[in-house]
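Down below is the structure, laid out as structure tokens.
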Amino acid sequence: MKYDFDEIIDRTGTNAMNTDGFRQYIFNATEDMKFPFKDEEFIRMWIADMEFATPPEIREAVKERLDRKIMGYSQVFDPAYYEAVSNWMNRYYDWSFPKEYLETSHGIIPALYELVEYICKPNEKVLIVTPSYGYFKSAAEHNHLELVCSDLINEQGHYSIDFADFEAKASDEQVTLCIFCNPHNPSGRVWSTEELQRVGEICLNHNVWVISDEIHCDLLRTGKKHTPLAKLFPDTDRIITCMSPSKTFNMAGLMFSNVIIANEGLRTIWQKRHYGFKNPLSIAATQAAYEHGDEWLKQLKTYLDDNFAVVDQYVKRYLPQAVFHIPDATYLAWIDITAYIPSNVNLPLFFAEQAGVLLEDGHMFVANGGGCIRLNLACPRSVLEEGLRRISTLLVNKDEGVPVQV
Ligand SMILES: Cc1ncc(COP(=O)(O)O)c(C/N=C2\CONC2=O)c1O
């Protein structure tokens with residue numbers, strides 16, 4: 001079957017954050033915030049969900065569950081769920097874990113909030129690398145814990161871990177947890193096994209638990225390989241792995257993720273305190289993703305490879321002073337446009353008001369991201385090309401103050 005990633009899908013009236021939540025999320029504004037563009041005229045490249053139809057195999061599984069006519073209280077009882085997850089991990093990552101390690105959550109963000117609470121004591125600290133997905137900071141703040149940031153080294157857009165700084169911070173006895181993003185949002189880095197080995201050794205040597213957030217792990221460029229951090233440390237139970245098909249298969253709204261907890265004590269706390277009932281449609285969708293998602297994912301990855309090639313060529317031709325590299329993973333393009341725009345410009349507001357493009361910028365990624373914009377490329381190529389046209393036209397003509405005509 002050939003899937004249609006060029007299809008333009010109307011998401012209005014679906015309670016989508018993407019279309020209706022941007023004023024509050026990006027601008028901390030109310031619904032009456034005005035722009036020179038109608039909402040439907042925006043090119044939306046901000047929040048990380050896709051403009052592609054959730055795979056038909058998943059939608060069919062949800063319909064079949066609906067046809068069972070009753071949607072009562074549910075949990076994951078069917079052993080087929082673990083089989084589906086385990087088979088996927090074996091096939092894609094040559095990794096397995098005992099069934100009893102597998103817990104589920106109403107999304108990875110809620111899991112982070114809970115795990116930080118269950119792992120850390122008051123006055124302890126949480127270590128992350130920056131720039132970072134903003135909710136890593138929120139998970140620490142939600143638990144009234146200090147966040148410790150280790151800035152990634154940025155060499156012309158190539159990001160690497162400053163291991164001396166990372167270890168210095170991990171050696172602080174108050175640092176008891178590291179939330180590590182593998183692959184990394186927003187840079188798109190897939191950490192090498194050598195880098196992962198060093199992160200794990202530093203954390204474990206300094207008695208720091210690790211939550212390895214691997215939600216982007218299926219979304220690899222062709223030829224790239226993901227290694228689960230826990231796979232490299234089979235003898236420890238202090239690495240928690242968070243994964244979910246929600247990012248891979250565009251079903252984040254179903255709020256369902258996997259949390260693999262090897263430590264028995266922590267798992268017992270989780271089982272006692274985590275609200276265990278689940279949406280039966282989410283269980284059906286997630287199991288179907290792992291059972292039937294292979295071909296769709298294969299075609300998606302090819303389409304995204306081509307979208308990234310379009311961005312690469314476009315930036316080289318129209319924005320030659322920007323710094324961009326096709327990332328190893330994610331569907332997110334992280335572009336340093338410092339050469340085109342002063343650092344004091346509010347980039348999301350600038351592009352929303354002047355170009356009708358909704359995007360996120362480095363200030364939304366905790367620290368160490370200034371001058372960068374992040375573009376969601378999980379959209380039909382026609383939409384991507386229009387977004388790139390508007391962005392480059394504005395950056396090239398900004399001194400004339402000429403807003404882009406949509
Ligand atoms: C590293 C990472 N962890 C967790 C999540 C969310 O997991 P959920 O609670 O949906 O299971 C995201 C989504 N990242 C987004 C969502 O919008 N913009 C982003 O960068 C993410 O990038």
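In listed order, ligands and their atoms are each counted from 1. Computed from a predicted structure; not experimentally measured.
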What protein heavy atom sits nearest atom 3 (N) of ligand 1, and how far off is it?
-> Asp213 OD2, 2.5 Å
Looking only at distances, please establish whether an N/O atom of ligand 1 is found under 3.5 Å from an N/O atom of Ile215.
-> no
Verify whether the ring centers belonging to Phe52 and Tyr303 lie closer than 6.0 Å.
-> yes
Given Ala111, Ser132, Ala252, which has its nearest heavy atom closest to atom 10 (O) of ligand 1?
-> Ala252
Using a strict 4.0 Å threshold on nitrogen-to-oxygen distance, state whether Asp172 and Lys125 make a salt bridge.
-> yes
Go through ligand 1 atom by atom and flag the ones less than 4.0 Å from a non-hydrogen atom of Cys181.
-> 1 (C)
Is Glu195 paired with Arg198 through a side-chain N to carboxylate O contact shorter than 4.0 Å?
-> no
If you measure every N/O of Ser257 against every N/O of ligand 1, is any gap under 3.5 Å?
-> no
Residue, atom name and distance, where the atom is the protein heavy atom closest to atom 11 (O) of ligand 1 | Ile108 N, 2.7 Å
Under 4.0 Å between heavy atoms, the region of Ala48 that gets near ligand 1 turns out to be both
Where's the contact between Ile109 and ligand 1, heavy-atom distance under 4.0 Å: side chain, backbone, both or neither?
-> both
On the 0 to 90° scale, with breaks at 30° and 60°, tag the Tyr3-Trp296 ring pair as parallel, tilted or perpendicular.
-> perpendicular
Is the shortest side-chain N to carboxylate O distance from Lys63 to Asp67 below 4.0 Å?
-> no
Checking Asp39, Asp49, Asp20 against Arg11 for salt bridge (charged side-chain N to carboxylate O under 4.0 Å, His left out), the one that qualifies is Asp49
Could you tell me whether Asp328 and Arg221 make a salt bridge, using a distance below 4.0 angstrom between a side-chain N and a carboxylate O?
-> no
Out of curiosity, is Lys247 lining ligand 1, as in a heavy atom under 4.0 Å away?
-> yes
Taking only heavy atoms of Gly107, which atoms of ligand 1 are found under 4.0 Å from at least one of them?
-> 9 (O), 11 (O)
Side chain, backbone, both or neither: which part of Asn185 has a heavy atom under 4.0 Å from ligand 1?
-> side chain
Per-atom filter on ligand 1: closer than 4.0 angstrom to a heavy atom of Ile47 are 17 (O)
Candidate with minimal heavy-atom separation from atom 21 (C) of ligand 1, of Tyr113, Tyr135, Trp46, Tyr133 | Tyr133
Mind checking whether Tyr93 and Trp88 have ring centres under 6.0 Å apart?
-> no
State the atoms of ligand 1, each with its element, that fall below the 4.0 Å cut-off from a heavy-atom position in Arg374.
-> 18 (N), 19 (C), 20 (O)
Can you check whether His216 has an N/O within less than 3.5 Å of an N/O in ligand 1?
-> yes
Salt bridge check: are Asp294 and Arg91 linked by an N-O gap of less than 4.0 Å?
-> yes
Examine the side chains of Asn18 and Tyr25 and answer whether a donor and an acceptor come within less than 3.5 Å of each other.
-> no
